[in-house]
Amino acid sequence: MADKPDFKQTMNLPQTDFPMRAGLSEREPHMLRLWDEMDIYKRSLDVNAGGPTFILHDGPPYANGHIHMGTAFNKVFKDLVVKYKTMRGYQAPYVPGWDCHGQPIEHQVERNLGPERMKTISRTELRALCREYALEFVDVQRAEFQRLGVRGDFGDPYLTLNHEYEAGNVRIFKTMYDRGMIHKGAKPIHWCVRCKTALAEAEIEYSDELSDSIYVKFEFTSRPEAFAQVSEPVSVVIWTTTPWTLPANVAVTLAEKADYVGVRVGGDVLVMAEALVTSVAAAAGWVGYEVLPQRVKGSELAGLKYRQPVHDGVEGVIITGEHVELTTGSGAVHTAPGHGEEDYLVGRRFGLPMPMPVDDEGRFDAGGGPFAGMQVWEANPTIIEWLRERGTLVAAGTISHSYPHCWRCKRPVIFRATEQWFVSMDEAAQGVRPLREGAMDAIGKVEWIPGWSVNRMSAMVGDRPDWCISRQRAWGVPIPVFTCRTCGETVANDSTFDAVIALWEVEGADSWFIREPSEYLPAGTACPRCGGTDLKAEQDILDVWWESGVSHTSVLEARPELRRPADMYLEGSDQHRGWFQSGLLTSVGAYDEPPFRSVLTHGFIVDGEGRKMSKSLGNVVSPIDVVAKSGADIIRLWACSADYSQDVSVSGEILDRTSEAYRRIRNTFRFLLSNLYDYDPADAVPFDEMYELDRYAMVSLADLVDRVTAAYDEWRFHMVYRHLYDYCVVDLSSFYLDVLKDRLYADEAAGHGRRSAQTVLAAMLGAMVRLVAPVLTFTSEEIWLSMPEALREGAASVQLSGWPTVDVPAADAARLRAAYATVLAAREEVTKALELARSAGVVGKSQEARVVLVAPQDTITVLRERGGRELADMFIVSEVVLVVGEAPASAPAAVTVEPAAGSKCPRCWNHRTDIGADAACPDLCGRCARVVSAL
RNA sequence: GGGCCCGUAGCUCAGCUGGUUAGAGCGCACGGCUGAUAACCGUGAGGUCGAUGGUUCGAAUCCAUCCGGGCCCA
């Protein structure tokens with residue numbers, strides 16, 4: 001067989017080193033090094049020096065353990081926002097932070113030490129170990145966040161254990177204290193009488209415990225009206241499993257709307273919930289009893305008095321509350337505000353006293369009356385016996401139920417009121433606006449994204465009780481006040497606060513536990529009550545939410561590159577309760593304004609079924625695994641593709657789909673790159689001189705830029721993804737780029753047609769790489785570095801290259817959009833007809849076809865205006881015949897397909913009738929002959 | 001139990017203030033191409049819009065209840 005000329009050599013086939021296979025997990029670390037070398041963070045600030053600033057303030061994750069999908073998602077989102085803003089011309093510093101104090105770290109350190117060593121260690125030593133532990137995980141998480149491509153000041157992050165940070169706590173405390181928003185009070189907390197310590201909820205282990213279960217009658221001293229006529233004494237019956245709390249009883253709580261009845265039994269009339277009479281009777285073993293006909297609502301009994309069960313001559317009061325259940329007990333709840341959370345809350349609502357007769361070791365003091373000196377657990381049987389003797393015990397038994405235990409000693413814990421510090425929601429000094437009012441007002445000034453977020457925030461701030469900010473622990477920032485050793489008075493004023501600020505700025509909060517107050521307080525600091533000068537530093541520490549809350553001062557105010565208020569806080573929806581609120585309250589408390597201009601909230605990461613991820617369900621997806629297997633850009637693309645305003649699912653299938661989408665996007669870029677290997681912007685064809693199809697492509701590119709930019713600006717990131725992806729698939733791959741291949745490959749390399757196309761491809765590449773850069777941070781940079789130097793416009797990184805604009809004349813754009821809507825609709829009919837012809841064996845590839853298209857006049861006119869050759873190119877067929885006629889009702893045109901006339905050009909593979917027209921190239925079509933001859 | 005929120009094809013999402021046979025892409029099936037090739041192109045099949053009531057001439061869109069799920073409280 002004769003040698004066929006190798007026409008491939010004469011064509012402009014794609015060339016690129018940009019690999020189809022990403023190999024992200026290997027490639028990404030190289031990119032990180034490159035950014036490190038060029039100091040990308042600093043350059044991202046320098047590039048917009050003097051421009052407007054955008055401050056996204058990082059909420060500090062807890063420095064404990066590795067990152068999980070939720071933290072990864074959150075950080076990627078922040079990075080996306082920061083990078084977008086940078087590219088839009090804002091100076092967008094990003095200072096990552098970590099929350100380093102708190103019970104979980106202290107708890108873990110204590111576990112690691114073990115109980116024996118723990119006993120021998122000082123508070124200062126324990127704090128040093130906690131610090132070490134926290135810093136270790138700061139390093140771990142820092143590396144993990146950076147691996148995700150997050151750009152920020154990782155060399156100098158903010159840590160809540162830094163000295164300046166610690167001092168910031170005092171600045172806010174000082175202001176709020178001065179403004180009368182901070183007060184001392186009492187509140188029940190979990191307390192272990194053996195370890196003599198307060199316990200956090202996380203330090204409580206619940207297990208079944210056998211408790212006493214007793215019913216006790218409290219005799220009314222003011223008889224209910226309904227029972228005025230009965231001759232017997234009338235009492236209310238309560239049920240409790242903690243007899244030892246009876247000395248602290250001050251009230252009985254009834255259900256407001258429930259029916260209560262009197263039961264005549266054994267010479268008494270006992271009042272209880274009607275619904276529970278049978279069960280009380282069973283517990284008491286009553287054989288004969290009579291339910292009186294009178295029925296009263298709980299609310300009707302409210303306000304009546306009864307004899308306190310332990311203390312003679314003392315009365316308690318009947319109140320109503322929502323927590324009263326009618327499933328167990330008697331429907332009348334013994335209420336001791338010092339010994340229970342609900343009792344405490346209802347007690348506060350009714351202004352009840354809060355007696356607390358139990359000391360640190362669990363012994364009754366004088367307030368225990370006859371039981372003074374007894375330990376509460378020992379007292380239980382004694383109390384029961386005592387009640388029996390008094391004749392007030394209605395029934396006694398035992399019950400097995402879930403009860404809290406101390407994680408250290410495994411003993412049951414008690415609930416006990418202790419002295420605590422509070423931020424008042426509704427009280428403040430004269431002339432100062434109360435915090436709740438100010439905070440509600442501030443909420444209205446903030447942009448909440450998504451909109452429902454404001455409801456959640458308002459509801460929480462509107463309802464919340466005073467904020468208890470003290471914790472009885474070691475690892476944290478002390479409450480910066482003093483107590484007079486002589487009289488117990490609190491000593492705190494501007495000069496003591498300032499002294500503490502000065503001390504902590506230099507030595508940190510550790511100094512609090514090392515130095516004596518006299519060493520750093522101004523000489524002459526004395527108790528305002530007794531004049532004593534022997535002062536003791538407060539031992540309680542601040543709630544960690546307070547600590548992270550004051551970052552608006554410790555970070556935003558302290559760092560020159562930042563400012564308060566921030567433009568945005570961006571966290572998961574749980575932070576309505578946490579950081580959003582602690583930031584808001586401390587900021588309003590100190591400055592009367594919110595710390596943020598906007599708050600963006602995202603949902604939680606759940607599995608493919610919408611369930612939370614947990615080890616026990618076995619559905620946990622680790623970002624570290626995904627990075628190792630697929631790359632950080634896959635996580636980033638996934639994060640961007642989901643609607644964050646609700647919970648976000650992740651699963652193997654979802655990540656597979658994401659990877660497929662990634663490959664599609666990557667390949668689109670690869671195609672663009674591979675057809676620009678010989679293009680120089682100097683070859684650019686002006687818009688007006690472009691092929692019409694290319695002008696239309698420019699219009700659709702401009703539309704894409706508009707849509708994507710709007711999506712970013714509206715914080716609808718999943719629409720960024722969707723627009724970009726659909727553009728790649730629908731506009732480019734299946735239409736424009738497919739059509740362009742013939743021109744790019746077969747036209748003369750430097751000819752007008754090919755340069756016109758390349759001008760568009762270059763515009764697409766330059767715009768798209770920027771549009772995806774905030775999301776696909778690694779891939780976009782890889783693309784950037786693969787672009788011809790001249791297209792990079794001098795930017796060392798795509799992150800520094802600014803935001804794309806594509807200008808097309810508006811009138812042209814409108815005309816082209818309309819015309820090409822018709823073209824594309826017709827094209828759809830053509831592809832359907834081609835498919836039928838293909839399955840009938842009439843044609844194989846579309847170039848082998850000649851199509852006859854019948855459509856109404858106006859359609860035909862539009863199609864004809866494009867030009868016959870151009871239309872055939874756009875349909876990727878060899879010839880189009882346009883006929884005016886009736887189109888079917890369901891379609892814009894009727895299309896029939898026939899084999900193309902002429903024969904296949906061996907160079908461009910089109911079927912042409914002008915093969916051999918040029919004698920010099922007898923095999924080729926006219927176009928190819930012309931191109932080849934010119935070589 | 002309370003507050004806030006979610007539930008549209010296997011997956012990710014559109015469906016504005018209620019109005020013709022609920023859309024897109026992916027995946028899948030089938031086919032084409034072999035000059036984007038561990039790519040690319042085409043066609044097609046997939047949904048009782050969580051369920052049930054209600055309002056309305058008309059509801060995926062409004063209301064109620066229920067079921068399932070999430071966050072935060074209790």
Side-chain angles (χ1 to χ4, degrees), chain A residues 7-9 11-16 18-21 70 322-323 325 341-342 345 450-460 462-465 572-578 581 601-613 637-638 640-643 645-661 663-664 666-675 716 718-719 721-723 725-730 732-735 737-742 744-746 827-828 830-839 841 843-848 876 890 907-909:
Chain A
F7 293 116
K8 212 162 170 169
Q9 303 287 341
M11 300 183 75
N12 323 299
L13 295 178
Q15 299 174 21
T16 180
F18 187 81
M20 177 178 284
R21 302 250 309 145
E322 286 163 2
H323 63 284
E325 290 184 4
E341 178 76 19
E342 282 171 337
L345 291 173
W452 53 257
S453 168
V454 70
N455 301 340
R456 184 160 176 178
M457 200 68 207
S458 307
M460 277 182 165
D463 285 347
R464 69 159 299 150
S573 63
D574 56 332
Q575 298 305 324
H576 285 91
R577 183 73 192 178
Q581 196 171 149
T601 317
H602 59 251
F604 266 62
I605 309 305
V606 293
D607 73 7
E609 266 71 55
R611 268 166 236 279
K612 72 168 103 183
M613 297 201 288
L637 191 60
W638 158 75
C640 179
S641 70
D643 177 0
S645 71
Q646 43 191 297
D647 288 338
V648 175
S649 285
V650 68
S651 66
E653 180 181 3
I654 291 168
L655 289 170
D656 284 349
R657 290 294 96 82
T658 307
S659 295
E660 280 156 10
R663 265 184 256 128
R664 184 54 171 254
R666 184 180 177 90
N667 257 316
T668 304
F669 276 108
R670 182 167 181 269
F671 184 86
L672 297 178
L673 286 168
S674 67
N675 284 290
R716 286 158 54 87
H718 68 287
M719 296 314 290
Y721 163 82
R722 184 132 303 275
H723 288 140
Y725 183 65
D726 284 354
Y727 181 74
C728 285
V729 173
V730 180
L732 297 189
S733 197
S734 74
F735 176 54
L737 298 183
D738 206 25
V739 170
L740 227 49
K741 285 171 193 167
D742 178 73
L744 287 168
Y745 301 167
R827 190 175 191 265
E828 219 174 296
V830 170
T831 56
K832 278 180 189 152
L834 282 168
E835 185 63 24
L836 286 174
R838 216 170 350 242
S839 42
V843 292
K845 53 195 286 190
S846 59
Q847 287 100 318
E848 294 165 12
I876 318 184
S890 58
R907 181 168 179 274
C908 70
W909 299 349

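If you're wondering where the values come from, they're calculated on a predicted model, not measured in any experiment. Order of the sequence lines fixes the chain letters, A, B, ..., with proteins taken first and strands second; residue numbering starts at 1 for each chain.
- With respect to A/D726 and A/R722, a salt bridge is recorded, a charged nitrogen being found less than 4.0 Å from a carboxylate O.
- In this structure, A/E609 reaches neither bases nor backbone, as no heavy-atom distance under 4.0 Å exists between it and the strands shown.
- Computed from coordinates, the A/Y725 OH to B/A24 P distance equals 15 Å when rounded to whole Å.
- Ranking B/C71, B/C26, B/G35 by closeness to the A/F604 side chain, first place goes to B/C71.
- With both pairing distances under 3.5 Å, B/C62 is matched to B/G54 as a Watson-Crick or G-U wobble pair.
- With distances taken from any side-chain atom of A/K612 to the nucleotides B/A36, B/G70, B/G27, the minimum falls on B/G70.
- Across B/C13 and B/C6, the matching C1' atoms stand 15 Å from one another, rounded to whole Å.
- Here the nucleotide nearest the side chain of A/R838, chosen from B/C11, B/G32, B/C26, is B/G32.
- Ranking B/C72, B/C40, B/A38 by closeness to the A/R456 side chain, first place goes to B/C72.
- Taking atom P on both B/A9 and B/U52, the two are 15 Å apart, rounded to the nearest angstrom.
- Nearest to the side chain of A/W452, among B/G42, B/C4, B/A36, sits B/C4.
- Base pairing analysis places B/G23 opposite B/C13; the two distances defining the Watson-Crick or G-U wobble pair are each below 3.5 Å.
- A close approach under 4.0 Å does occur between a side-chain nitrogen or oxygen of A/S734 and OP1 or OP2 of B/G42.
- Donor-acceptor pairing under 3.5 Å, judged by distance alone, is absent between the side chain of A/T16 and the base of B/A36.
- Across the P atoms, B/G27 and B/G35 are found 22 Å apart, a figure rounded to whole Å.
- Between the P atoms of B/A24 and B/A64, the separation comes to 33 Å (whole Å).
- Between A/E835 and A/R838 there is a salt bridge, since a side-chain N of the basic residue sits under 4.0 Å from a carboxylate O of the acidic one.
- Shown here, B/U43 forms a base pair with B/A29; the pair counts as Watson-Crick or G-U wobble because both key distances fall under 3.5 Å.
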Heavy-atom protein contacts under 4.0 Å, nucleotides 43-48 of chain B, coded B base, S sugar-phosphate only, - none: SS----
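- Between the base of B/C71 and the side chain of A/R577 there is no donor-acceptor pair shorter than 3.5 Å.
- The separation of B/G31 from B/G69, taken at their C1' atoms, amounts to 41 Å, rounded to a whole angstrom.
- The A/R21 side chain lies nearest to B/A38 when the options are B/A38, B/C4, B/U12.
- Heavy atoms of A/A746 sit nowhere under 4.0 angstrom from any nucleic acid atom.
- Here B/G35 sits opposite no nucleotide as a Watson-Crick or G-U wobble pair (both hydrogen-bonding atom distances under 3.5 Å).
- Using P as the reference atom, B/G68 and B/G25 are 36 Å apart when rounded to the nearest Å.
- Side-chain nitrogen and oxygen atoms of A/S573 include none within less than 4.0 Å of the OP1 or OP2 phosphate oxygen of B/C4.
- Between the CE atom of A/M460 and the P atom of B/C71 there is a distance of 13 Å, rounded to whole Å.
- Aromatic stacking is not marked for A/Y745 over B/G35, as the cut-offs of 5.5 Å for the centres and 30° for the planes do not both hold.
- In this structure, A/R611 reaches the B/G69 phosphate: one of its side-chain N or O atoms is under 4.0 Å from OP1 or OP2.
- Here B/G46 is in the syn range [glycosidic angle within 90° of 0].
- Put simply, CG on A/L737 and CZ on A/F671 are 5.0 Å apart, with the number rounded to the nearest 0.5 Å.
- With both ends at atom C1', the span from B/G47 to B/U12 equals 15 Å, rounded to whole Å.
- Using the Watson-Crick or G-U wobble rule with both distances under 3.5 Å, B/G7 pairs with B/C67.
- For A/R666 and B/A39, the shortest distance from a side-chain N or O to OP1 or OP2 is not below 4.0 Å.
- Between A/R577 and A/D574, none of the side-chain N atoms (NZ, or NE/NH1/NH2) sits under 4.0 Å from a carboxylate O, so this pair counts as no salt bridge.
- Looking at heavy atoms from C-beta onward, A/F735 lies in side-chain contact with A/R827 at the 4.5 angstrom threshold.
- In this structure, A/R657 pairs ionically with A/E653, as a charged nitrogen and a carboxylate oxygen lie closer than 4.0 Å.
- When the nucleotides B/G70, B/A74, B/A39 are ranked by their closest atom to the side chain of A/E341, B/A74 comes out on top.
- The P atoms of B/G50 and B/A22 are separated by 15 Å, rounded to the nearest whole Å.
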